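Comments concern the structure below.
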Amino acid sequence: MIFQNFFRLFLKNAFIYCFLLMLVFWGRPVLAYQFTYTSQELTHWWYTINNDDHGIEGFVAPPAEFSVVFNVRENGLTYDFLSADVTTDSYRAVQFTSIPASGNSISFNKDGSIAAWNFALEYTRIAEGVPMETPPEHTVWRIESSYGIDTCNCHFYSIDYQLYTPRQLSWGLAAFNSLGYGGDTSPDQWSYDAVQVPEPASAILLLSGIGLLGVARLRGKAWYAGKI
């Protein structure tokens, strides 16, 4: 009899208990991390036209910089990069978001210092031109960076693009151009912040539990009604 009364009381207030639990868990957001790497000013290394090296004599390219914000997943002392938002400040500067970054990561020593990292990103933008107004575009941005033992501890940043000349009613491809930059990497250029993100998986689980308990409560009422 005591057990039946306790079970009946639990079923009666199950929704309230679950609602309070949901508030507790939902009110505790999950901490995730965003890592940002901002390069120093990069040096102009090469300039090619139609794959022929023209060096940098007679051509002055503006300096280049880039900043990358990574969304990461923790894996012990290693954080795996999932996606990246990139901003470049150079010839054909660009901003692009949510670039896949799988296979790239950053590792830490036990004392919290950065041990190594490696990432390579590529973004392509293609646009059709408007005759006699806007030329077509086919540009590829590439960023590579590494640091640690058995690496070059360096950046490579390149912009490959096509040049077009106007024709009577269209545009003609004139040349394939490539600009290359480089520089040294430094752990001091990293910053990382904890960001709060909701945990929808827990909420869905709790809501499902509330639904099941509601069903159990209704069945319990029917069961006890049959016993009385």
Side-chain angles (χ1 to χ4, degrees), residues 33-72 78-109 112-127 135-165 173-193:
Y33 293 92
Q34 285 187 335
F35 288 69
T36 302
Y37 189 88
T38 303
S39 74
Q40 298 174 341
E41 188 172 286
L42 304 177
T43 303
H44 181 201
W45 279 6
W46 75 80
Y47 171 57
T48 65
I49 300 177
N50 293 331
N51 297 322
D52 292 330
D53 187 6
H54 286 252
I56 58 175
E57 294 182 4
F59 179 82
V60 179
E65 297 177 357
F66 65 82
S67 179
V68 186
V69 180
F70 289 100
N71 295 312
V72 304
T78 299
Y79 288 80
D80 298 323
F81 298 145
L82 303 178
S83 62
D85 301 336
V86 181
T87 301
T88 67
D89 183 10
S90 62
Y91 179 71
R92 297 191 176 228
V94 71
Q95 292 182 334
F96 43 93
T97 60
S98 300
I99 302 302
S102 59
N104 305 312
S105 63
I106 183 171
S107 301
F108 288 80
N109 298 308
S113 61
I114 296 176
W117 74 75
N118 179 70
F119 63 83
L121 304 168
E122 181 177 308
Y123 177 73
T124 301
R125 187 168 66 190
I126 301 175
E137 181 181 16
H138 189 145
T139 307
V140 181
W141 291 264
R142 296 184 181 89
I143 297 175
E144 297 181 20
S145 180
S146 63
Y147 176 84
I149 300 174
D150 297 330
T151 73
C152 66
N153 295 336
C154 60
H155 299 303
F156 294 102
Y157 171 49
S158 65
I159 310 168
D160 300 332
Y161 61 99
Q162 298 178 359
L163 285 180
Y164 293 86
T165 57
L173 180 61
F176 297 94
N177 285 15
S178 178
L179 289 174
Y181 300 84
D184 296 331
T185 54
S186 170
D188 296 334
Q189 302 303 115
W190 281 100
S191 63
Y192 35 96
D193 302 298

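The structure presented is a predicted model; accordingly, all values stated were derived computationally and were not measured.
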>> Would you say that Val140 contacts Tyr161 through its side chain, given a criterion of any heavy-atom pair below 4.5 Å between the two side chains?
In response: no
>> Taking atom CG as the centre, does Asn51 end up with more than 12 heavy-atom neighbours from other residues, nucleotides or ligands that are less than 6.0 angstrom away?
In response: no
> Yes or no on side chain to side chain donor-acceptor pair (under 3.5 Å) for Thr78 and Ser105, after CA distance, side-chain angles and deciding distance?
Replying inline: CA-CA 7 Å; Thr78 299; Ser105 63; 5.8 Å; no
> To the nearest 0.5 Å, what is the distance between CD (Gln162) and NE2 (His138)?
Replying inline: 5.5 Å
> With side chains defined as the heavy atoms from C-beta onward, is the minimum distance between Gln34 and Asn71 less than 4.5 Å?
Replying inline: yes
>> Looking only at the aromatic ring of each residue, does the gap between the centers of His155 and Tyr181 stay below 6.0 angstrom?
In response: no
> So, the side chain of Asn177 versus the backbone of Asn50: is there a donor-acceptor pair under 3.5 Å, distance only?
Replying inline: no
> Do Asn153 and Thr185 have side-chain N/O donor and acceptor atoms under 3.5 Å apart?
Replying inline: no
>> So, taking the atom named OG in Ser145 and the one named CD1 in Ile106, what distance separates them when rounded to the nearest 0.5 Å?
In response: 9.5 Å
> Between CD1 of Ile143 and OG of Ser39, what distance do you get to the nearest 0.5 Å?
Replying inline: 8.0 Å
> Of all heavy-atom pairs between Ile114 and Pro187, which one has the smallest distance, and what is that distance?
Replying inline: CD1-O, 3.9 Å
>> Does any part of the side chain of Asp85, heavy atoms only, come nearer than 4.5 Å to the side chain of Val68, both counted from C-beta?
In response: no
> Would you say the side chain of Phe176 lies within less than 4.5 Å of the side chain of Leu163, judging by non-hydrogen atoms?
Replying inline: no
> Can Phe70 and Tyr79 be said to form a ring pair (Phe, Tyr, Trp, His ring centres under 6.0 Å), step by step?
Replying inline: CA-CA 10 Å; Phe70 289 100; Tyr79 288 80; over 10 Å; no
>> If you compare all heavy atoms of Trp45 against all heavy atoms of Gly183, which two are closest, and at what distance to 0.1 Å?
In response: CZ2-N, 3.9 Å
>> According to side-chain hydrogen bond (donor to acceptor under 3.5 Å, both in side chains), who are the partners of Ser90, at least two apart in sequence or on a separate chain?
In response: Tyr157
> Between Leu179 and Tyr91, is any pair of side-chain heavy atoms under 4.5 Å apart?
Replying inline: yes
> Hey, is the main chain of Asn118 close enough, under 3.5 Å, to the side chain of Ser146 for a donor-acceptor pair?
Replying inline: no
> Would you say the ring centroid of Phe81 lies under 6.0 angstrom from that of Trp117?
Replying inline: no
>> Does Gln95, at its CD atom, have more than 12 non-hydrogen atoms belonging to other residues, nucleotides or ligands within less than 6.0 Å?
In response: no
>> How long is the straight-line distance from OH of Tyr123 back to OG1 of Thr97, given to the nearest 0.5 Å?
In response: 8.0 Å
>> Could you measure the distance from the OH atom of Tyr147 to the CH2 atom of Trp190? Nearest 0.5 Å is fine.
In response: 12.5 Å
> side-chain contact (heavy atoms from CB on, under 4.5 Å) with Thr38: which residues, sequence neighbours excluded?
Replying inline: Thr36, Ser67
>> I'd like to check Thr139 versus Thr124 (side-chain heavy atoms, cut-off strictly below 4.5 Å). Are they in contact?
In response: no
>> Would you say that more than 12 heavy atoms from the other residues, nucleotides or ligands in this model lie under 6.0 Å from the CD1 of Ile126, or not?
In response: yes
> Are any of the side-chain heavy atoms of Asp184 and Gln40 separated by less than 4.5 Å?
Replying inline: no
> In Å and rounded to the nearest 0.5 Å, what is the CG to OG distance from Asp160 to Ser158?
Replying inline: 5.0 Å
> Quick one: are Phe96 and Arg125 in side-chain contact, heavy atoms under 4.5 Å?
Replying inline: no
> Is a side-chain donor or acceptor of Thr88 paired with a backbone partner of Val94 at a separation under 3.5 angstrom?
Replying inline: yes
>> For a quick test of reading the model, state the closest non-hydrogen atom pair linking Glu137 to Arg92 and the distance between them.
In response: OE2-NH1, 4.0 Å
